[in-house]
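All remarks here apply to the structure that follows.
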Amino acid sequence: MSSVFGKPRAGSGPQSAPLEVNLAILGRRGAGKSALTVKFLTKRFISEYDPNLEDTYSSEETVDHQPVHLRVMDTADLDTPRNCERYLNWAHAFLVVYSVDSRQSFDSSSSYLELLALHAKETQRSIPALLLGNKLDMAQYRQVTKAEGVALAGRFGCLFFEVSACLDFEHVQHVFHEAVREARRELEKSPLTRPLFISEERALPHQAPLTARHGLASCTFNTLSTVSLKEMPTVAQAKLVTVKSSRAQSKRKAPTLTLLKGFKIF
Ligand SMILES: Nc1nc2c(ncn2[C@@H]2O[C@H](COP(=O)(O)OP(=O)(O)OP(=O)(O)O)[C@@H](O)[C@H]2O)c(=O)[nH]1
């Protein structure tokens, strides 16, 4: 299902349409991206979630008394950034998640932050990102200290939080709302200059992969499907397209979708 959006994205007064913010959740498998997304959307901790499912959810939020139409893409990369243009050109802000009890996931989060930094450099725009050390309730099995998280976030100039998808909802909500604030700040700075893209199932022969240009071995275009990008003609006519990896598409029948029944899934 697709929906049409033709509302202003920023600079909204009290009478205007909600600000629209796209948020992508990145991180290694098992870091807790889905658990955090589900916690934020439903206030519940779901212990088992289909690792192959990638979907984008929408939620009406109020952040600092301002209505926000928030879309959250719970990505399902394999172990490293893959086919990453689908979220790089879509999101206004990123949550990069690792698990405090996994050194590997911390190392992956560093790769994601590097990817975002490269993309920011290439597109010459600031990309808000927040680094999250998840599974704080597992602190007794820590492999990553809080100081390491702070240092990594500092290196990339992003906010840092330690959270737990299975502890209090308010903290998780606070983090998502901080991401909205970061995105809003950027959108208000340059609401019309940000590139907007839709995806299309077609080959992109002339575009060199980000990896080739920057030597980031793990991120490629079209690794799993033939998604390519096209600039939106006008916001008013544009259709919102659900962006899914092949891996996700193959699992669309997963029953776990019903977990989010009641939320708009597009
Ligand atoms: N104790 C604890 N377990 C968590 C937390 N967050 C997630 N988990 C568990 O960690 C496992 C992986 O969580 P997911 O949310 O599926 O992780 P993911 O990053 O979405 O992983 P993929 O879907 O494979 O990309 C699941 O068994 C969750 O129950 C947390 O904050 N604390």
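Predicted, not measured: the structure shown is a model, and the values here were computed from it. Just so you know, ligand 1 is whichever comes first in the structure, and atom 1 is the first atom listed for that ligand. Values below: all heavy atoms of this structure, side chains included; hydrogens, waters and symmetry mates excluded.
Between S34 and ligand 1, an N or O atom pair is found at a separation short of 3.5 Å. Among the atoms of A31, some N or O lies under 3.5 angstrom from an N or O of ligand 1. Residue G32 has at least one N or O atom closer than 3.5 Å to an N or O atom of ligand 1.
Neither the backbone nor the side chain of L36 has a heavy atom within less than 4.0 Å of ligand 1.
Close contacts of ligand 1 with A165, meaning ligand atoms under 4.0 Å from a residue heavy atom, involve 6 (N), 30 (C), 31 (O). Interface of K33 with ligand 1, defined as ligand atoms under 4.0 Å from a residue heavy atom, comprises 15 (O), 17 (O), 18 (P), 19 (O), 20 (O), 21 (O), 22 (P), 25 (O). Of all the atoms in ligand 1, the ones that sit under 4.0 Å from a non-hydrogen atom of D137 are 1 (N), 2 (C), 30 (C), 31 (O), 32 (N). Near A35, the atoms of ligand 1 lying under 4.0 angstrom from a non-hydrogen atom of the residue are 6 (N), 7 (C), 15 (O).
At distances below 3.5 Å, not a single donor-acceptor pair connects side-chain atoms of K33 with backbone N or O atoms of D74.
For G27, the heavy-atom gap to ligand 1 stays at 4.0 angstrom or more. At a 4.0 Å cut-off, not a single heavy atom of A76 sits close enough to ligand 1 to count as contact.
The pair E178-R184 fails the salt-bridge criterion, with no side-chain N (NZ, NE, NH1 or NH2) lying under 4.0 Å from an Asp/Glu carboxylate O. A salt bridge is defined here as a Lys NZ or Arg NE, NH1 or NH2 lying under 4.0 Å from an Asp or Glu carboxylate O, and E162 with R142 meets this definition.
Applying the salt bridge (Lys or Arg N to Asp or Glu O under 4.0 Å) test to pairs two or more places apart or on separate chains, those with a residue in residues 91-108 are R103-E148.
Relative to the ring axis of F169, K43 places its NZ or CZ within 45° and under 6.0 Å from the centre.
Each of S102, S108, S109 was checked for a side-chain hydrogen bond (donor to acceptor under 3.5 Å, both in side chains) with S105, and the lone residue meeting it is S102.
Using a 30° and 60° split on the angle between ring planes, F40 and H177 fall in the perpendicular class, above 60°.
Partners of F94 under the ring-ring contact (aromatic ring centres under 6.0 Å, His included) rule, at least two apart in sequence or in another chain, do not exist in this structure.
Heavy-atom proximity to atom 9 (C) of ligand 1, evaluated over K135, M138, R28, is greatest for K135.
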